[in-house]
Amino acid sequence: MEVNIAGTGACVPERVLDNVELSAMVDTSDEWIRTRTGIARRHIATWETTVDLAAAAAEKALLNAGMEAEKLQMIIAASSSAEMAMPGVACMVQERIQAVNASCFDINAACSGFIAAFQTAQAMANAGMAGTVLIIGAERMSSLVDWKDRSTCVLFGDGAGAAVLTAGGGENNTAEKKMASVFHTDGTKGKYLNCRAGQVSSGPVLHTENSEEKPAENLIEGCARMETTGEYLRMDGKEVFEFAVKKVPECIREVLKKAEVSIDDVDYFILHQANRRIIESAARRLGVDIRKFPMNMEAYGNMSSASIPILLDELNREGKLKPGMKLVLAGFGAGLTWGASYLVWTK
Ligand code: COA
């Protein structure tokens with residue numbers, strides 16, 4: 001059975017933290033961050049929780065799909081930065097949007113989380129468990145990040161994206177495959193990108209328009225607590241970079257082989273938005289025009305599981321996705337995990 005994307009939605013926190021402001025907090029520069037990553041600014045949650053962002057994205061996706069919340073049979077949320085260990089984000093979103101008929105659970109596959117949620121929803125549809133599924137990627141990465149560590153804090157941002165999926169079609173008169181999925185893990189490389197459970201960071205101490213300017217030294221006061229616990233995100237940037245540039249093209253080729261689709265026939269490759277250089281390298285290795293790789297990390301940074309659905313929502317709202325277009329979604333991140341899904345846009 002096929003699964004169609006009937007609607008998309010996104011929500012990011014109000015507060016924008018640009019590279020220049022960040023340069024007053026840690027020893028970095030706009031130039032360094034832009035050239036190494038393609039990131040210029042990111043949204044940082046001040047009052048918004050992961051569930052606030054997730055529920056807002058979910059409501060927009062339902063509106064875009066023209067569907068009432070009570071029609072949802074399942075909600076799957078991907079997150080690794082929720083404020084609550086339990087209940088899950090999906091359960092809390094269910095209450096917020098009153099999706100009273102949905103069964104709900106979370107997935108933690110870090111930056112590959114949205115791909116894992118999408119593939120799980122497809123499997124659930126095929127198992128006859130749910131025909132209308134809301135999938136969400138929602139993160140408050142600012143609560144996992146050490147705001148004194150310049151090698152990581154410049155990379156991440158907060159946000160949530162969602163998609164409403166409907167099972168249907170399947171009366172495929174042609175031999176053409178409409179979907180294919182691959183997902184991989186190498187747990188031995190988990191040490192290259194990890195974070196202890198339990199939120200320890202209160203996030204960067206940011207001044208808002210209504211509060212007084214704070215001197216730069218105070219901006220990191222809120223991180224003092226982290227020094228004693230050491231429980232924040234750590235990454236070996238080089239290892240993760242090398243892993244991503246090798247495995248992402250590999251799994252894209254694998255999923256297209258499974259789908260029996262030529263790489264030249266794909267309209268868009270919607271990749272996890274961790275780093276411009278990783279995406280440029282993937283395009284080069286695949287021999288595909290970089291214009292087929294839309295990017296938005298400049299405005300958001302790496303939002304982990306929220307990156308792909310937020311980019312998908314932007315393309316959808318900009319009218320860039322037309323029925324029949326062939327798309328590849330690909331994610332990679334902690335685990336280490338990586339995966340790709342091939343689909344045909346039908347909305
Ligand atoms: N600002 C200024 N200098 C910085 C810096 C920052 N924010 N972060 C690190 N540096 C410094 C380092 O201390 C180092 O200085 P040194 O040469 O004096 O020791 C220098 O810049 C080079 O550091 P290096 O780590 O070699 O940089 P890099 O070219 O490997 O780029 C990353 C670092 C993180 C941008 C890169 O490794 C990367 O993109 N990795 C993948 C990360 C990722 O996408 N993770 C998420 C996957 S889901």
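Note that ligands are numbered from 1 as they come in the structure, with each ligand's atoms numbered from 1 the same way. Not measured: the values here are computed from a predicted model.
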Is the shortest heavy-atom distance from the side chain of E48 to the side chain of T46 under 4.5 Å? yes

Using a 4.0 Å heavy-atom threshold (strictly under), name the region of [X] that reaches ligand 1: side chain, backbone, both or neither.
X    : answer
V26  : neither
D27  : backbone
V154 : side chain
H272 : side chain

Under-4.0 Å protein heavy-atom contact, [atom]:
atom                    : result
atom 37 (O) of ligand 1 : yes
atom 20 (C) of ligand 1 : no
atom 16 (P) of ligand 1 : no
atom 5 (C) of ligand 1  : yes
atom 9 (C) of ligand 1  : yes

Pick one: which of F183, F243, F332 meets ring-ring contact (aromatic ring centres under 6.0 Å, His included) with W338? F243

Do you know which two heavy atoms are closest between R36 and R277, and how far apart they sit? O-NE, 2.8 Å

NZ of K347: more than 12 outside heavy atoms within 6.0 angstrom? yes

Strictly by modelled atom types, are E83 and S143 linked by a side-chain donor-acceptor pair under 3.5 Å? no

Regarding Y192 and E242, do their side chains bring together a donor and an acceptor under 3.5 Å, going by distance alone? no

